[in-house]
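To start, the structure under review is shown below, and the notes come after it.
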Amino acid sequence: MFLPVCTPTVPRNALAYTRAVIEANWVSSVCKDPALDFIGKLERGFAELTGAAHAVAVTSGTAALQLAVAALRLGPGDEVILPATTMIASAAAVAHAGATPVIVDVDPATYCLSTAIVTPALTPRTKAIMPVHLYGYPAEMASLLDLARHRQLRIIEDAAEAIGTRYRNRHVGTFGDVGCFSFYANKMMTSGEGGMAVTNDPVLAKRLRRLKDHCFGEPRFLHEELGFNFRMSNLTAAYGYASFEELPRAIARRSANAKRYIPGLAALPGVTLPPDSPDVVNSHWMVAITIDSERFGLTKDAVRQSLRERFHIDSRDFFYPLHLQPALQRQNANPQSLPVAERLWREGLYLPSSSDLTPAEIDRVVQALTTLHQEAT
Ligand SMILES: Cc1ncc(COP(=O)(O)O)c(C=O)c1O
């Protein structure tokens, strides 16, 4: 049977909660019945989970990033430093605001931003940095925070893929000014599409709420500033809250997946395991490895193709580096070669990682990789 990279788990209460909001006719972003206000429940629950003072539900992780950029008033003339190894949404949020993405390399140990990488890219125009916690593994936030404080920079954390990840015992997304999470179907929890912006700053929280709802004023149709419609619907939140209730299980299952994968993968020459550190509890959203073709005997591309065609196992390339994206050639202020991001693209692969993956399915993936390596060497 074909083994996909990720299949979402339909939460037990999804039907009951969505049915309840439909029957009561509270399907938009307004709900005056506290028992059925799933947006409020989801926001309060997510704030509690992350330890953030405020959580603002939005329509996607991309919307959360765009909202964060707008809330921090980043725009033309401002530079935002972000890593090359990430999804296009990180850079799009910056570019859509008219600010300039400065795309830099990633640390080979964490696959994320580090101060050593960010510092040479700083200019008088740098206003913010956007660490991306990749595949569930976080950036070194302690030193990035020091740097940001020292240089008076804002931090937007792209924690889209890192629900459940803790760094020095604190949930990622709560270190910077705004943390952005995605509830897309393959994420640790899902509302189908959806996202959350979190912050500890009450003024920013108010601004995020205003901006996500077109900055309605007083009187209502008077607008001092242009905002967005990034409002999550109560119908979406009902599904999302059902998924949120099962988050502890999802996090435990994905960590168990990684535990089962790691000994088998560690035995394969040329395979690098997901990053690890005593400072980090990795939620292991995806089990991400790299493959050194010399030592493994096959290139990453050949492995991905064989896994799919011979063993009916899906896998995914790491992100195509942002500095090479045709869509960003005009915007990127740092058109250099970025060797780590380019190597991660050549060598990086993530393996089936659904919360409902069985131990036998994990063993099947490891066995397939072992066979490929043995045949090639
Ligand atoms: C690193 C990263 N940032 C942002 C996003 C955007 O989130 P969404 O798909 O919910 O818009 C994603 C994607 O899923 C992502 O992987």
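Counting starts at 1 for both ligands and their atoms, following the listed order.
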Are side-chain N/O atoms of [X] and [Y] paired as donor and acceptor at under 3.5 Å?
{"X": "Q66", "Y": "H96", "result": "no"}
{"X": "Y137", "Y": "E161", "result": "no"}
{"X": "S353", "Y": "N257", "result": "no"}
{"X": "E342", "Y": "Y320", "result": "no"}

Contact atoms of ligand 1, heavy-atom distance to [X] under 4.0 Å:
{"X": "G61", "answer": "7 (O), 8 (P), 10 (O), 11 (O)"}
{"X": "T62", "answer": "6 (C), 7 (O), 8 (P), 11 (O)"}
{"X": "S60", "answer": "10 (O), 11 (O)"}
{"X": "V132", "answer": "1 (C)"}

H133 side chain near E157 side chain, heavy-atom distance below 4.5 Å: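 Yes, their side chains come closer than 4.5 Å.
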
What's the shortest distance from atom 12 (C) of ligand 1 to any protein heavy atom, and which residue and atom give it?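 Result: M87 SD, 3.5 Å.
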
Return the closest protein heavy atom for atom 3 (N) of ligand 1 as residue, atom name and distance.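 Result: D158 OD2, 2.7 Å.
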
Nitrogen or oxygen of [X] less than 3.5 angstrom from that of ligand 1:
{"X": "T86", "result": "no"}
{"X": "A160", "result": "no"}
{"X": "E161", "result": "yes"}

Look at D78 together with R125 and state whether they make a salt bridge at an N to O cut-off of under 4.0 Å.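 No.
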
Give the single entry among G195, A92, S182 that approaches atom 7 (O) of ligand 1 most closely by any heavy atom.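 It is S182 that holds the nearest heavy atom.
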
Using non-hydrogen atoms of the residue, decide whether K187 is closer than 4.0 angstrom to ligand 1.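 Checking ligand 1 against K187, which is what was asked, there is a heavy-atom contact under 4.0 Å.
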
Only counting residues at least two apart or in another chain, list the ones meeting side-chain hydrogen bond (donor to acceptor under 3.5 Å, both in side chains) with S60.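 By the side-chain hydrogen bond (donor to acceptor under 3.5 Å, both in side chains) rule, S60 matches no residue at all.
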
Does D146 have any side-chain hydrogen bond (donor to acceptor under 3.5 Å, both in side chains) partners at least two apart in sequence or in another chain, and if so, which?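 Once residues adjacent in sequence are excluded, D146 has no partner under the side-chain hydrogen bond (donor to acceptor under 3.5 Å, both in side chains) criterion.
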
